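Accompanying notes for the structure given below.
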Amino acid sequence: MVEVACVPPKRIILGGRTLEPASIRAIDVSNPRPRIGADNFPQRGDHWFQYAPRNYEVESDRLFHSPDTIAEQVIQLLREQAEPWWRVQPFPS
């Protein structure tokens with residue numbers, strides 16, 4: 001899964017630590033943190049990128065993709081979902 005978030009273009013203090021924007025991860029940001037690929041993006045929902053067979057599903061070996069294919073999917077979803085969301089998403093206060 002890939003979560004996206006929005007932070008201001010300046011240092012922020014988080015949990016007593018001063019963080020530069022480039023070092024902040026989505027997990028450091030409270031909501032909203034939508035997951036790209038979800039059918040109802042940016043609302044709640046999951047989308048899991050399957051890069052290996054699941055050992056608990058029959059015929060799951062046909063459902064997974066190579067890391068290169070997943071990277072292409074992520075790039076496409078960043079363009080289609082995350083970038084438009086970032087344009088209208090206000091910075092958290």
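This one's a predicted model, so the numbers in the text were calculated from it and none came from an experiment. The figures here come from the full heavy-atom set of this structure, side chains too, leaving out hydrogens, waters and symmetry mates.
What you find for P21 and P9 is that their closest heavy atoms are CG-C, 3.8 Å. Between W86 and A5 the shortest heavy-atom distance is NE1-O, 2.8 Å. For L77 against G37, the heavy-atom pair with the smallest separation is CD1-CA, 3.7 Å. Nearest approach of R35 to F41, heavy atoms of both residues: O-CD1, 3.4 Å. Considering every non-hydrogen atom in both A82 and V4, the closest pair reads CB-CG1, 3.9 Å. When all heavy atoms of T18 and R11 are compared, the closest pair comes out as CG2-CD, 3.7 Å.
In this structure, CZ on R25 lies 10.0 Å from CZ on R33, to the nearest 0.5 angstrom. The distance from the NE2 atom of H47 to the CD atom of Q73 is 6.0 Å, given to the nearest 0.5 Å. Rounded to the nearest 0.5 Å, atoms CG (D39) and CG (D46) are 10.5 Å apart. Here the CD1 atom belonging to I12 is positioned 3.5 Å from the CD1 atom belonging to I24, to the nearest 0.5 angstrom. With rounding to the nearest 0.5 angstrom, the CD1 atom of I36 is 10.5 Å from the CD atom of E3.
Side-chain atoms of R17 and D28, non-hydrogen and from C-beta on, do get closer than 4.5 Å to each other.
P84 meets the side chain to side chain contact (heavy atoms under 4.5 Å, CB included) test with R87; sequence neighbours excluded.
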